[in-house]
Amino acid sequence: MSGGHSTYSPKTGIGRWIDARMPLPRLVHDSFVSYPVPRNLNYAYTFGGILSIMLVAQILTGVVLAMHYANDTTLAFQSVEKIMRDVNSGWLLRYMHSNGASFFFIAVYIHIMRGLYYGSYKAPRELLWILGCIIYLLMMATGFMGYVLPWGQMSFWGATVITGFFTAIPLVGEWVQQLLLGGFAVDNPTLNRFFALHYLLPFMIAGVVVLHVWALHVTGQTNPTGIEVKSKTDTVAFTPYATIKDGFAMVVFLAVFAYFIFYIPNFLGHPDNYIEADSLKTPAHIVPEWYYLPFYAILRAITFNIGPIDSKLGGVLAMFGSIAVLFVVPWLDTSKVRSAVYRPWYKLFFWLFVINAIFLGWLGSRPAEGAYVIMSQLATLYYFAFFLVIMPVLGLIETPRRLPNSITEAVLEKNKSGSAHPAGATAAPETRG
C-alpha cells in the first residue's frame with residue numbers, strides 16, 4: 001500500500017522548482033491526498049487524525065500559557081488565577097488546555113481499544129504499535145507533570161504520593177525520588193523540573209508521532225476485516241473519501257470538547273485544586289486525574305492489600321507492568337486472524353476487558369478500604385489475565401469465522417446482507433493478513 005509511483009505533478013514553474021529541490025508538496029500530496037486507504041474504514045479509524053489536532057491544540061495553548069505562568073511555589077497558584085482573570089482570553093486558553101488533556105486521553109484510549117479490537121498490532125505493524133505505546137508513555141509523563149503546575153492541593157499531594165512510590169525500588173529508589181523532586185520533598189525545585197519537562201515532552205511526542213505516521217505509511221493502514229489490500233478495488237484515495245469522514249468526526253468530537261469548555265469546564269477536574277497547596281493540610285482522598293485512575297487502582301490493589309503485610313514494591317511493579325504489557329501484545333496474541341469481527345470468543349473477552357478497565361477507573365476514585373480493595377484486586381487480576389492468559393490461549397483454541405477473500409468482497413457482503421460476514425460462515429483455515 002505504501003509503494004507505487006507518485007501521481008503528483010507540479011502545475012507552475014515555482015512548483016516544479018521547489019519539487020526539484022525539496023519535494024515537500026509531493027510528500028504532502030502522496031501522504032494525504034492520493035494515499036490509498038482501505039475502502040471499508042469506519043469511524044473508529046478517525047481518532048488518529050483527532051489526536052493530531054488535539055496535540056497541536058495542546059502545544060499552541062501550552063506555549064501561550066507558559067508566557068504568563070510563574071514557575072515558583074510562591075507565585076504559581078496566583079499566576080494561574082491571574083491568567084484566568086486578567087489575561088485576554090486567558091480563561092479560554094486555560095480551559096482549552098486542561099480539558100484538552102482529558103479529551104486527548106479519551107481519544108487515545110479509543111485509539112488503543114480500536115487497535116486491540118481490530119488487531120492493528122500484528123505483523124508487520126509491531127513497530128507501529130510500539131511507537132504508539134511510547135507516545136502513550138510520554139503522554140502520561142507530560143500529563144502528570146502538567147497536573148502539578150497549578151500548585152493546588154491535589155496537585156501538590158498527588159505529586160507527593162506518586163513520587164513517594166519510587167522509594168519502593170530497591171537500591172536506587174531514594175535516588176530516583178530525589179532526582180525527580182530536586183530535594184527531599186515536593187518544593188520549588190520540583191516545580192521547576194516539572195515545568196521544564198512539561199514544556200519539553202510535547203515536542204518529543206510530536207517527534208514520535210512523525211515516526212508513528214511514517215511507520216503507518218510504510219506498512220499501510222489496517223481495516224475492520226484485518227485483511228491486507230490485494231488490489232486497487234480494495235482502496236480509495238485518502239482525499240476526498242477519508243478526509244471527509246475524518247473531518248466530520250473531528251467536528252463532532254470538537255463540538256463535545258467545546259461543550260465542556262464553555263458549559264462544564266471543571267467537570268473533569270478536582271475541586272481541591274482550587275485551593276492553594278498547603279503541606280500541612282492533607283486532602284481527605286488523594287486521587288490523580290481521571291485518566292490515571294485505572295493504573296492508580298492497580299497500584300493500590302497490591303500496595304494496600306488485605307493481608308498483614310503491605311507490598312509497596314509489588315504495587316509499583318504492577319502499575320508499571322500494566323503499561324509495559326502493552327509493548328509485548330503483538331507477541332502475546334497467538335491468533336492467526338486479526339480482527340475481532342471474526343473471533344466471537346475474543347470479542348466477548350475484549351468487551352469484558354473494556355468494562356473492567358472502566359470499573360478499575362471507578363475503583364481508583366474510591367477509598368482504598370474494605371470491599372473496594374478486594375474488587376480492585378479482582379479487576380487487576382482480569383486486566384493481566386486478558387493479556388497474559390486469554391490472548392495466548394484463545395488464539396490456539398478459538399475457532400474463528402470464515403474470512404472474506406478480499407476487502408471488496410467484505411464490503412459487497414455487508415451491503416447485501418447488512419453484516420460484515422456471511423451467515424453460517426465456517427472457520428478460517430489460514431491467516432489472511
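- In the model, K312 has a side-chain atom that pairs as donor or acceptor with a side-chain atom of T167 under 3.5 Å.
- If you look at Y292 and Y296, their ring centroids are not closer than 6.0 Å.
- Checking side-chain atoms of S335 against main-chain N and O of G395 turns up no donor-acceptor pair under 3.5 Å.
- To the nearest 0.5 angstrom, T239 atom OG1 is 12.5 Å from Y35 atom OH.
- Judged purely by atom type and a 3.5 angstrom limit, T303 uses its side chain to pair as donor or acceptor with the backbone of L299.
- A donor-acceptor pair shorter than 3.5 Å can be found between the side chains of T225 and N223.
- Applying the side-chain hydrogen bond (donor to acceptor under 3.5 Å, both in side chains) test to pairs two or more places apart or on separate chains, those with a residue in residues 47-67 are T61-H97.
- Under the salt bridge (charged side-chain N to carboxylate O under 4.0 Å, His left out) criterion, the residue pairs touching residues 26-44 are D19-R26, with sequence neighbours excluded.
- Between K336 and L403 there is no side-chain heavy-atom pair separated by less than 4.5 Å.
- One distance of note links CG of L65 with CG of L93; it measures 5.5 Å at 0.5 Å rounding.
- By the side chain to side chain donor-acceptor pair (under 3.5 Å) test, Y118 pairs with N42, sequence neighbours left out.
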Atom pairs and distances, side-chain donor-acceptor, residues 81-90, under 3.5 Å, sequence neighbours left out:
from: E81; atom 1: OE1; to: R85; atom 2: NH1; distance (Å): 2.3

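- Between F353 and F387, a ring centre-to-centre spacing shorter than 6.0 Å is recorded.
- Listed by first and then second residue, the ring-ring contact (aromatic ring centres under 6.0 Å, His included) pairs involving residues 228-252 amount to none (not counting sequence neighbours).
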With a cut-off of 3.5 Å and sequence neighbours excluded, list every side-chain donor-acceptor pair involving residues 204-213.
from: H212; atom 1: ND1; to: L128; atom 2: O; distance (Å): 3.1

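- Applying the side chain to side chain donor-acceptor pair (under 3.5 Å) criterion to N71, with sequence neighbours excluded, gives N192.
- Side-chain contact of R300 with S376: a donor-acceptor pair under 3.5 Å is absent, judged by distance alone.
- There is a side-chain donor-acceptor pair under 3.5 Å between N266 and Y274.
- Classification of the W351-Y117 ring pair by plane angle, with boundaries at 30° and 60°, yields tilted.
- Proximity of I227 to S406: side-chain heavy atoms (C-beta onward) are nowhere separated by under 4.5 Å.
- Applying the ring-ring contact (aromatic ring centres under 6.0 Å, His included) definition to pairs two or more places apart or across chains, those involving residues 47-70 are Y69-F195.
- There is no side-chain donor-acceptor pair under 3.5 Å between N356 and Y383.
- Residues in residues 133-155 take part in these side-chain hydrogen bond (donor to acceptor under 3.5 Å, both in side chains) pairs, two or more places apart or across chains: Y109-Y136, Q153-W157, S155-N273.
- Side-chain atoms of E126 do not come within 3.5 Å of backbone N or O of P330 as any donor-acceptor pair.
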- prompt: Checking salt bridge (charged side-chain N to carboxylate O under 4.0 Å, His left out) for the pair R402/E409: CA distance, chi angles, key distance, verdict?
  reply: CA-CA 12 Å; R402 186 188 71 84; E409 180 183 310; 3.7 Å; yes

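- With no hydrogens or angles considered, a side-chain donor-acceptor pair links D234 and T408 at under 3.5 Å.
- Qualifying side chain to side chain donor-acceptor pair (under 3.5 Å) partners for S102, counting only residues two or more places apart in sequence or in other chains: W290.
- Aromatic ring pairs are classed by plane angle as parallel below 30°, tilted from 30° to 60° and perpendicular above 60°; the pair F103 and F257 is tilted.
- The environment of F203 atom CZ is dense: over 12 non-hydrogen atoms of other residues, nucleotides or ligands sit within 6.0 angstrom.
- Contact check for V80 versus R94: side-chain heavy atoms found under the 4.5 Å cut-off.
- The ring-ring contact (aromatic ring centres under 6.0 Å, His included) contacts involving residues 313-341 comprise nothing, where partners must be two or more places apart or lie in separate chains.
- A salt bridge links R125 with E228: the distance from a Lys NZ or Arg NE/NH1/NH2 to an Asp or Glu carboxylate oxygen falls below 4.0 Å.
- Using the six-membered ring where Trp is involved, Y95 and W91 have ring planes that are perpendicular, over 60° apart on the 30 and 60° scheme.
- Scored by the side chain to side chain donor-acceptor pair (under 3.5 Å) test, E276 finds Q78 as partners (sequence neighbours excluded).
- Closest heavy-atom contact between R114 and T222: NH1-OG1, 3.9 Å.
- Between P283 and H270 there is no side-chain heavy-atom pair separated by less than 4.5 Å.
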